[in-house]
Amino acid sequence: MSIAIKRKGMLLIISGPSGAGKGTLCKMLLENDKSFAFSCSVTTREPREGEVEGFDYRFISEAEFQRMIDYDELLEYATVHGHLYGTPKREIDEALAQKKNVLLDIDSQGAMSVMNKTQEYVSVFVIAPSFEELRKRLEKRNAERPDEIERRLNNAYGEIRKVGMYHYVVVNDDVDRAFRELTCIVNAEKQRTVRFLPTIEED
Ligand code: 5GP
């Protein structure tokens, strides 16, 4: 008799208000853990300086976004800060079929849609230690106009109210500590029997 190990990929949802630092934590996870594939979203917002097409996002027109909705190509989509964002299904299915883990950096509306569609996900909510800190980080990032910063801060109140819908929360007051916490969550979740199932097989 031998032991066969059946592995299944994990769908990891990471949400949190703009400026909480979830983008940085996602990048750190992808660099440090090669078992993860990033789910590259489609969006109708303009690229920011330095963003790479097909890596950060696929930047598409509203007409193309609508086409993807019509052809049922999106696992979820939502309007966030006035722009459309969506998660293409195909890449996720392909990655999970290859037993990869898949990382979704999506807002709480999108996260709720995924949670309603499947039981098989792990969800983490990242928060900054305070609203003052959120504002400071958004201003320092210098990527948004002042009205856009206000819009993102207002949205943060609504986002944070949904924290109880997630499995885990990480407070990002120190990025290295926050990353260690995220790694602990991810590593424990990898060992769950739904994803890592040793079974005895007759030789
Ligand atoms: P940003 O414009 O700063 O890149 O992202 C704004 C927000 O949109 C972030 O909270 C991010 O997590 C969210 N987001 C990015 N991609 C998706 C997606 O495919 N679906 C949903 N629902 N939200 C997304």
Side-chain angles (χ1 to χ4, degrees), residues 11-30 36-62 64-69 71-93 95 102-118 121-128 131 134-135 137-163 165-166 168-170 172 178 182:
L11 201 57
L12 176 65
I13 301 171
I14 299 196
S15 301
S18 211
K22 68 180 180 316
T24 306
L25 290 173
C26 287
K27 282 203 179 87
M28 289 168 88
L29 182 64
L30 292 165
F36 274 92
F38 179 59
S39 159
C40 179
S41 297
V42 289
T43 181
T44 60
R45 89 150 157 73
E46 291 294 312
R48 292 191 194 116
E49 211 183 304
E51 282 184 328
V52 177
E53 162 70 29
F55 181 75
D56 296 288
Y57 285 104
R58 277 174 51 213
F59 298 95
I60 63 173
S61 64
E62 291 204 5
E64 172 61 1
F65 201 101
Q66 189 56 51
R67 192 202 60 76
M68 293 184 83
I69 297 172
Y71 282 80
D72 195 25
E73 291 179 12
L74 298 175
L75 174 64
E76 62 74 34
Y77 62 92
T79 302
V80 190
H81 315 310
H83 303 285
L84 286 162
Y85 294 80
T87 303
K89 275 182 192 169
R90 209 186 61 208
E91 287 89 340
I92 292 185
D93 292 344
V102 181
L103 172 61
L104 269 64
D105 171 350
I106 59 178
D107 88 314
S108 58
Q109 305 169 76
M112 301 300 128
S113 302
V114 178
M115 290 173 191
N116 286 331
K117 282 185 184 156
T118 173
Y121 63 87
V122 178
S123 56
V124 179
F125 195 88
V126 179
I127 54 172
F131 282 104
L134 259 192
R135 176 185 290 281
R137 291 183 193 174
L138 282 172
E139 287 172 351
K140 200 168 144 204
R141 193 155 86 180
N142 212 12
E144 266 86 36
R145 297 195 315 268
D147 58 333
E148 181 64 23
I149 291 179
E150 291 312 315
R151 189 207 305 237
R152 284 176 180 247
L153 277 169
N154 279 332
N155 288 348
Y157 294 101
E159 285 263 302
I160 290 169
R161 289 205 175 87
K162 295 189 189 140
V163 64
M165 307 289 288
Y166 289 74
Y168 300 97
V169 63
V170 168
N172 184 12
L182 179 62

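As the structure lists them, so they are numbered: ligands from 1, and atoms in each ligand from 1.
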>> When you measure from the centre of the six-membered ring of Y71, is the NZ or CZ of R67 closer than 6.0 Å and no more than 45° off the axis?
In response: yes
> Distance-only, no hydrogens or angles: does the T118 side chain make a donor-acceptor pair with backbone N or O of V114 under 3.5 Å?
Replying inline: no
> Is the Y85-Y57 ring centre distance short of 6.0 angstrom?
Replying inline: yes
>> I'd like to know if the side chain of S123 pairs up with that of Y168 as donor and acceptor (distance under 3.5 Å, no hydrogens or angles considered).
In response: no
>> Just to be sure I understand the cut-off, which residues have at least one non-hydrogen atom under 4.0 angstrom from an atom of ligand 1?
In response: K22, S41, R45, R48, Y57, E76, A78, V80, H81, Y85, G86, T87, D105, I106, D107, G110, R152
>> For I69, give me all partners under side-chain contact (heavy atoms from CB on, under 4.5 Å), at least two apart in sequence or on another chain.
In response: F65, Q66, L74, Y77
> Within the side chain of T43, is there an N or O that forms a donor-acceptor pair under 3.5 Å with the backbone of L84?
Replying inline: yes
